[in-house]
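Sequential numbering from 1 along the given sequence is applied to the chain's residues.
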Amino acid sequence: MPYPEEFEGIAVIQGQPWSEPRHVSYPAKAVGPRDIDIEIEACGVCGSDLHTVAGHWRELPPALVVGHEIVGRVVAVGSGADTGFKVGDRVGVGAQVLSCLECERCDEGNEPYCEGFVSAYNRAYPDGYVSQGGYASHVRVHEHFVVPIPESLPSELAAPLLCGGLTVYAPLIRGGCGPGVRVGIVGLGGLGHMAVLIAKALGAYVVAFSRGSSKRADALELGADEYVATAEEAAWDDKYVSKLDIVLVCASSLQGVNLDQYIRTLRVGGTIISVCIPDKSEKLEMSAFALRGVTVGNSQLGSPQELRDLLELAAAKELKPWVETLPVGEAGVSEALTRMDKGDVRYRFTLTEFDKEFGLGK
């Protein structure tokens with residue numbers, strides 16, 4: 001493989017079924033002075049990957065490699081890098097790979113909200129290069145968005161934390177989650193199950209909400225203190241009026257999510273935050289009369305510093321997202337995406353065996 005001019009990856013090809021990805025080669029991003037080159041050894045499969053390849057959000061380029069929960073080893077460090085990474089370090093990259101690093105938002109640790117935001121895949125850099133993700137041999141990323149992986153975290157468990165875990169950690173920590181705080185988690189899937197783990201690790205009392213009873217045992221095993229099957233328990237919200245401080249909406253779709261009921265569960269001054277990004281046709285709807293002394297908002301990813309903090313928390317508390325591993329490759333990526341589309345995962349996939357697929361480490 002000609003490196004660093006080209007990388008290899010498993011790509012979805014425009015005009016072909018997303019369930020039939022192909023092994024491709026593609027030009028690497030131009031080298032920047034503060035870029036870090038990473039040889040990938042694991043990559044989580046996020047719901048965003050499926051939404052993207054299925055065209056739920058925006059048009060695809062001719063060939064796109066998705067994946068933004070990347071764990072690997074540093075193989076090259078730019079001449080201007082100053083954050084201390086060295087060849088051989090095990091590091092991670094999440095869903096953001098660039099921001100301007102100069103605006104007020106970046107200075108305040110709000111890089112995901114920068115106007116210069118570039119995502120790990122399917123977003124143009126200032127020079128026009130369209131970013132490619134982590135179902136690949138390598139990734140090249142500005143050092144600001146590279147984080148160290150604590151030694152005690154296995155790569156396959158660390159990977160889902162880099163986007164999914166951070167997506168729920170940031171609103172929880174910014175919302176004041178901690179001992180004595182009562183948190184509701186809506187939806188027990190890839191995001192929701194990590195939200196339960198993280199909220200409990202932060203010391204909160206956790207109530208898990210799901211439509212049916214099928215995930216009750218899982219929620220309690222993950223650490224939830226209570227479980228509510230909203231489609232099976234009539235007027236369930238009457239029991240929880242003014243009981244919660246934070247409600248985090250982690251459902252993969254807003255269909256069937258009655259926000260007015262969840263708003264009733266909040267104490268005055270409480271917050272309901274959605275991290276759900278469903279098909280672009282869906283809308284967040286609620287009654288204006290339901291908004292009585294509460295705040296409703298959303299959250300986008302989290303900062304590199306918040307990601308570092310989350311990984312340290314995961315190492316200290318020995319957090320273990322529920323992960324099934326699959327070998328990267330055309331068959332493995334197809335299986336991961338198609339099974340995710342069917343909801344056939346408890347609760348995350350991590351792609352592994354990158355060395356075998358791409359001939360790495362030789």
Side-chain angles (χ1 to χ4, degrees), residues 47-48 51 56-57 113 164 167-178 180-200 202 204-216 218-220 222-302 343 347:
S48 301
H51 280 301
H56 293 165
W57 292 345
Y113 304 97
T167 294
V168 297
Y169 174 79
L172 286 172
I173 205 72
R174 293 188 184 204
C177 182
V181 175
R182 299 174 69 90
V183 176
I185 305 297
V186 182
L188 198 73
L191 292 180
H193 98 283
M194 284 191 282
V196 173
L197 286 170
I198 292 168
K200 287 301 297 181
L202 292 170
Y205 185 94
V206 176
V207 182
F209 297 91
S210 189
R211 292 183 178 89
S213 298
S214 64
K215 297 180 180 179
R216 184 185 302 273
D218 287 357
L220 298 179
L222 287 162
D225 297 282
E226 297 183 49
Y227 181 91
V228 181
T230 58
E232 300 175 8
E233 301 178 30
W236 62 265
D237 47 318
D238 287 347
K239 176 182 176 182
Y240 288 94
V241 172
S242 196
K243 298 296 185 183
L244 303 177
D245 302 292
I246 303 169
V247 170
L248 188 63
V249 180
C250 301
S252 59
S253 170
L254 293 171
Q255 295 179 7
V257 177
N258 187 331
L259 290 179
D260 290 351
Q261 288 182 292
Y262 290 106
I263 290 171
R264 290 188 72 211
T265 70
L266 289 170
R267 296 170 174 169
V268 173
T271 304
I272 182 167
I273 299 292
S274 174
V275 295
C276 171
I277 310 179
D279 186 284
K280 59 187 177 184
S281 64
E282 294 190 30
K283 298 185 182 300
L284 200 65
E285 296 181 347
M286 68 200 77
S287 168
F289 293 101
L291 297 175
R292 293 177 291 182
V294 304
T295 299
V296 178
N298 79 324
S299 177
Q300 180 174 308
L301 300 178
Y347 284 96

I need the minimum non-hydrogen distance between [X] and [Y], along with the two atoms involved.
X	Y	value
A219	V196	O-CG1, 4.4 Å
K200	V206	CD-CG2, 3.5 Å
L202	I173	CD2-CD1, 4.0 Å
A208	A224	CB-CB, 4.1 Å
G180	D245	O-OD2, 4.3 Å
V183	L172	CG1-CD2, 3.9 Å

If we only count heavy atoms from C-beta on, is the [X] to [Y] side-chain gap below 4.5 Å?
X	Y	answer
L191	Y347	no
V268	V294	no
S299	R174	no
Y240	V207	yes
V275	Q300	no
V186	C250	no
V257	R211	yes
K239	E226	yes

For the [atom1] atom of [X] and the [atom2] atom of [Y], what is their distance to the nearest 0.5 Å?
X	Y	atom1	atom2	result
L220	K215	CG	NZ	14.0 Å
T167	L301	OG1	CG	5.0 Å
L259	S274	CG	OG	7.5 Å
R216	D218	CZ	CG	12.0 Å
T265	I246	OG1	CD1	11.5 Å
L197	I185	CG	CD1	10.0 Å

task = Establish, yes or no, whether the cationic atom of R182 lies under 6.0 Å from the six-membered ring centre of Y205 and within 45° of the ring axis.
result =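 Verdict for Y205: a cation-pi partner in R182.
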inquiry  = Run the ring pair (Phe, Tyr, Trp, His ring centres under 6.0 Å) test on F209 and Y262 for me, step by step, so that the C-alpha distance in whole Å, both residues' side-chain angles and the decisive distance to 0.1 Å come before the verdict.
reply    = CA-CA 10 Å; F209 297 91; Y262 290 106; 5.3 Å; yes
ask   = Which residues satisfy the ring-ring contact (aromatic ring centres under 6.0 Å, His included) test with Y169, sequence neighbours excluded?
value = none
key: side chain to side chain contact (heavy atoms under 4.5 Å, CB included), paired with T295, selected from I272, I273, T271   =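 Answer to the side chain to side chain contact (heavy atoms under 4.5 Å, CB included) test with T295 among I272, I273, T271: T271.
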message = Determine whether a donor-acceptor pair (N or O, by modelled atom type, separation under 3.5 Å) exists between the side chain of E233 and the backbone of V228.
response = no
